[in-house]
Amino acid sequence: MQSVTGKVPLQERLIVALDAPTLEIAETWLRELKGVVHYYKVGLELFTAHGWKAVNLVKNYGGRVFLDLKLHDIPNTVSRTLASVCEHEVDMVNVHALGGLEMMSLARKALDEYAAGRSKRPQLIGVTVLTSHDQKVLSKELGIRHSIKKEVLHLAGLVQKSGLDGIVCSPQETLWVRKKFHENLVIITPGIRPSGTEKGDQKRIHTPEKAIREGSDYIVVGRPITQAQSPKEAAVKIFEAISSVV
Ligand code: C5P
C-alpha cells in the first residue's frame, strides 16, 4: 500500500464532524465554514435523520464526505451495505475492526468490485477502540483483557491484513501505530481538544498540533468547532496550530 502521510493536503487534514439533529443546523455550519473547512464527517445522528440528503448537502457546499457509519454486522450485510454506499460517491467510510477479518476482507472486496473500471473508490477505514473508552471501560465493562495500546495495535493489524486503507484510533495511540505500521495505514484521530476547550465525553484526547505531530493524517473535530462562539475562528485557529507542525 502507498504511503499517505505528508501527502494529504493541509486543507483536508481537518475533518469537521457535522453532529447535528437537522439539516438546517448542519447547513448553518457549512455556510459559516465555507472556504475554510474542506472535509466533513456525516455521522449516525444526521444520517439516520436525513440519509443521503445530508451527504448531498455537504457536496453542494463543495466539501468532501467521510460517512461515519461504523458498520458492525455479519460479513454479507456489511459488504452489501458498502456496495450501496459506493454508489453515492463518498470519500471515506468505515467499519468496526471488531467485526473481524472476514467481514473487513469482504468489505474491501465490495469496494474493489465497485472500483473496477472507475478511477476512484472511497477510502475504507477500520475503527479500533472508541475514543470515549478508557482502560476501565475496556477491561471492567467489555471484558477485554488487553491494555488499550495492545488492543489498538492488534485491531490495526487485523485492519491491515484485511486490506483496508487505515484506522481510527485516539491521538494517544498514534505514535505506537506509526512505529509498528510505519506509513502503511492512514490514521484518523477524533478525541481532539484544543487547549482550553471542554473534554466532553472524550477520554483519550490530544491537542490538534500534537495529534498531527505524532502522525495523524486526519483529525476529526466536532464540538470544539461547532459549539464555539465563532466556528470559523475556531477552525482557523486549528489550521494555524497544525500548519506550524506539518
Ligand atoms: O465533538 P467531538 O470532537 O468529540 O466529535 C468527535 C466525533 O468523532 C464524533 O462524531 C464521534 O462520533 C467521532 N468518533 C469518535 N471516536 C471514534 C470514532 C469516531 O469520537 N473512535
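Counting starts at 1 for both ligands and their atoms, in listed order.
Proximity of the aromatic rings of Tyr40 and Trp29 is defined here by a centroid distance below 6.0 angstrom, and this criterion is not met.
Polar contact with ligand 1: absent for Pro224 (N/O pair, distance under 3.5 Å).
Listed by number with element, the atoms of ligand 1 under 4.0 angstrom from any heavy atom of Arg223 are 1 (O), 2 (P), 3 (O), 4 (O). Per-residue contacts place Gly222 under 4.0 angstrom from the following atoms of ligand 1 (heavy atoms of the residue considered): 1 (O), 2 (P), 3 (O), 5 (O). Those atoms of ligand 1 that come under 4.0 Å of a heavy atom in Arg193, given as number and element, are 1 (O), 2 (P), 3 (O), 4 (O).
Among protein heavy atoms, atom 9 (C) of ligand 1 sits closest to Asp19 OD2, 3.3 Å.
Side-chain contact check for Ile219 versus Ile15: every heavy-atom pair is 4.5 Å or farther apart.
Looking only at atom types and distance, the side chain of Thr131 has no donor-acceptor partner in the side chain of Ser170 under 3.5 Å away. Between the side chains of Glu27 and Tyr61, at least one donor-acceptor pair of N or O atoms lies under 3.5 Å.
Distances from ligand 1 to the non-hydrogen atoms of Lys41 include at least one value under 4.0 Å. Every heavy atom of Gly43 sits 4.0 Å or more from the atoms of ligand 1.
Annotation: cation-pi pair Arg64/Phe66 absent, no NZ/CZ under 6.0 Å from the ring centroid and within 45° of its normal.
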